[in-house]
Novice: 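Please find one structure pasted underneath; my questions will follow.
Because only heavy atoms are used, hydrogens play no part in the values below, and waters and symmetry mates are left out as well, while side chains stay in. In what follows, chains are A, B, ... by sequence order, proteins preceding strands, each numbered from 1.
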2 protein chains.
Amino acid sequence: MIPRVMSRAPLHPTREQIELPMVLDCLSDPIRLAIVYQLAQQERVSSELCCGDFSGLSGKSNLAYHFAKLRECGLMLTRVAGTNRFMRLRREDLDARFPGLLDAVLSSAAKDADRLQLIAECDVTVAG
Amino acid sequence: MIPRVMSRAPLHPTREQIELPMVLDCLSDPIRLAIVYQLAQQERVSSELCCGDFSGLSGKSNLAYHFAKLRECGLMLTRVAGTNRFMRLRREDLDARFPGLLDAVLSSAAKDADRLQLIAECDVTVAG
DNA sequence: CCCTATGTTCAACGTTTATTGAACTATTGA
DNA sequence: TCAATAGTTCAATAAACGTTGAACATAGGG
């Protein structure tokens with residue numbers, strides 16, 4: 001019986017192991033696309049996001065499932081810090097491996113931001 | 001009972017109906033990526049390809065399934081001519097809708113052409 | 001007119017996927 | 001030490017997916 005542990009550092013593929021079909025498939029899910037989109041917006045501030053920041057998109061366990069997929073296909077990096085996991089895009093690796101792809105996807109997504117519901121409703125600023 | 005007919009012109013989405021997640025999902029399948037890749041190579045000659053030209057990738061009925069997906073998500077156009085169906089990329093619509101995306105995918109795919117088996121074995125030129 | 005070639009449609013199948021809630025692990029702060 | 005917090009893992013489910021072969025539709029050539 002393999003013990004179920006969550007303290008170990010999550011596994012990430014090397015740059016060369018990142019595969020185009022896996023990346024495209026990962027980005028084709030609306031929830032994962034929204035996660036990547038929000039991570040990309042956070043890039044400018046060079047800061048990271050943790051799981052809780054995406055609670056507007058889905059439930060915790062479903063998010064954990066999508067985070068795992070994003071990690072396994074090489075789209076993002078997870079850093080464990082206490083009870084939090086901080087995540088960021090693997091921008092450099094992706095740009096090296098598939099030049100222009102991530103930006104094309106992100107700007108295409110931005111154009112359809114509302115149609116794609118990239119920003120969770122609870123993230124919208126409420127006047128008052 | 002709806003009669004099953006194959007003479008009618010296949011349905012294609014309008015430019016505005018083309019959705020990013022559907023396109024990414026379509027491109028994430030190795031067989032469909034290979035089809036798109038070969039269509040893109042044919043673009044230079046501004047000519048079209050018909051189903052039989054892809055017989056190296058899979059069986060006829062499986063190809064018809066993938067062609068339908070590619071059509072329905074707006075990646076390619078099918079023109080009926082006698083018993084043949086000629087297909088080509090919806091380059092203009094895709095570039096208008098998602099600037100740079102198709103080229104980024106195609107050049108990323110080209111870099112991994114062998115790994116992705118984009119060219120069917122029977123397409124390889126045999127010396128003799 | 002029939003036979004062949006081209007390609008589609010259908011039904012069946014096994015596999016993978018996304019989603020849920022409950023159980024669990026691990027860390028922090030009172 | 002204990003409760004609260006953050007997030008993962010597991011099992012179960014339903015839906016979607018890719019693949020196959022057989023049946024079908026359509027057009028063209030002898």
Side-chain angles (χ1 to χ4, degrees), chain A residues 1-12 19 21-36 48-73 76-88 117 120, chain B residues 1-12 19 21-36 48-73 76-88 117 120:
Chain A
M1 280 292 253
I2 301 160
R4 52 181 202 176
V5 184
M6 44 185 284
S7 55
R8 285 199 263 277
L11 292 175
H12 300 87
E19 303 263 18
M22 285 180 145
V23 166
L24 295 175
D25 184 52
C26 233
L27 292 170
S28 76
D29 181 276
I31 291 185
R32 289 193 293 261
L33 184 58
I35 293 170
V36 167
E48 299 161 307
L49 287 176
C50 64
C51 310
D53 297 322
F54 301 95
S55 58
L57 295 171
S58 186
K60 285 185 355 169
S61 77
N62 187 228
L63 285 176
Y65 164 75
H66 288 299
F67 293 147
K69 292 227 112 182
L70 286 165
R71 234 184 292 117
E72 285 159 17
C73 82
M76 69 179 210
L77 231 128
T78 304
R79 181 175 63 85
V80 180
T83 116
N84 293 297
R85 274 95 209 278
F86 290 101
M87 303 184 278
R88 63 179 191 279
Q117 295 185 261
Chain B
M1 280 294 248
I2 300 160
R4 51 181 201 176
V5 184
M6 40 186 288
S7 55
R8 285 198 264 276
L11 291 175
H12 300 87
E19 303 263 16
M22 285 180 145
V23 167
L24 295 175
D25 184 53
C26 233
L27 292 170
S28 75
D29 181 276
I31 290 186
R32 288 192 294 260
L33 184 58
I35 292 170
V36 167
E48 300 161 305
L49 287 176
C50 63
C51 310
D53 297 322
F54 301 95
S55 57
L57 294 172
S58 186
K60 287 184 354 168
S61 77
N62 187 229
L63 285 176
Y65 165 75
H66 288 299
F67 293 148
K69 293 226 112 183
L70 286 164
R71 237 184 290 117
E72 285 158 18
C73 83
M76 70 179 208
L77 231 128
T78 304
R79 181 175 63 84
V80 181
T83 119
N84 293 295
R85 273 93 208 279
F86 290 101
M87 302 184 279
R88 63 180 191 277
Q117 295 185 262

Novice: Walk along nucleotides 15-20 of chain C from 5' to 3' and tag each nucleotide B, S or - by protein heavy-atom contact under 4.0 Å, base first, then sugar-phosphate.
Specialist: --SBBB

Novice: To the closest 0.5 Å, what do you measure between SG (A:Cys50) and CZ (A:Arg85)?
Specialist: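 Those atoms lie 11.0 Å apart.
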
Novice: For the helix from C:dC1-D:dG30 to C:dA30-D:dT1, what angle lies between the axis at the first five pairs and the axis at the last five pairs, to 10 degrees?
Specialist: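 Comparing the first five pairs with the last five, the axes sit 10° apart.
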
Novice: Once rounded to the nearest 0.5 Å, what's the spacing between atom CZ of A:Arg71 and atom CE of A:Met87?
Specialist: 8.0 Å

Novice: Specify the separation, in whole Å, of atom CG of B:Leu57 and atom P of D:dT20.
Specialist: 13 Å

Novice: Could you walk me through whether B:Leu63 and B:Ile35 pass side-chain contact (heavy atoms from CB on, under 4.5 Å), step by step?
Specialist: CA-CA 9 Å; B:Leu63 285 176; B:Ile35 292 170; 4.3 Å; yes

Novice: Does a side-chain heavy-atom distance below 4.5 Å link B:His12 with B:Thr78?
Specialist: yes

Novice: Indicate, with a heavy-atom threshold strictly under 4.0 Å, whether A:Arg79 touches base, sugar-phosphate, or nothing.
Specialist: nothing

Novice: What nitrogen or oxygen pairs link the protein and nucleotides 4-7 of chain D at under 3.5 Å?
Specialist:
unit_1, atom_1, unit_2, atom_2, d
D:dA6, O4', A:Thr83, OG1, 2.6
D:dA6, O3', A:Asn84, OD1, 3.2
D:dG7, OP1, A:Cys51, N, 3.3
D:dG7, OP2, A:Gly52, N, 3.1
D:dG7, N7, A:Lys60, NZ, 2.2

Novice: Atom pairs under 3.5 Å, N or O on each side, protein against nucleotides 11-15 of chain D: can you list them with distances?
Specialist:
none

Novice: How long is the straight-line distance from CZ of B:Arg79 back to CZ of B:Arg88, given to the nearest 0.5 Å?
Specialist: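 CZ of B:Arg79 is found 7.0 Å from CZ of B:Arg88.
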
Novice: With A:Asn62, which residues qualify under side-chain hydrogen bond (donor to acceptor under 3.5 Å, both in side chains), at least two apart?
Specialist: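 Once residues adjacent in sequence are excluded, the partners of A:Asn62 under the side-chain hydrogen bond (donor to acceptor under 3.5 Å, both in side chains) criterion are A:Ser58.
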
Novice: For residues 24-34 of chain B, dump all side-chain donor-acceptor pairs below 3.5 Å to protein atoms at least two apart in sequence or in another chain.
Specialist:
unit_1, atom_1, unit_2, atom_2, d
B:Ser28, OG, B:Asp25, O, 2.7
B:Asp29, OD1, B:Ile31, N, 2.9
B:Asp29, OD1, B:Arg32, N, 3.2
B:Arg32, NE, B:Cys26, O, 2.8
B:Arg32, NH1, B:His66, ND1, 3.2

Novice: Given atom CG of A:Leu11 and atom C1' of D:dT9, what is their separation to the nearest angstrom?
Specialist: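 Result: 15 Å.
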
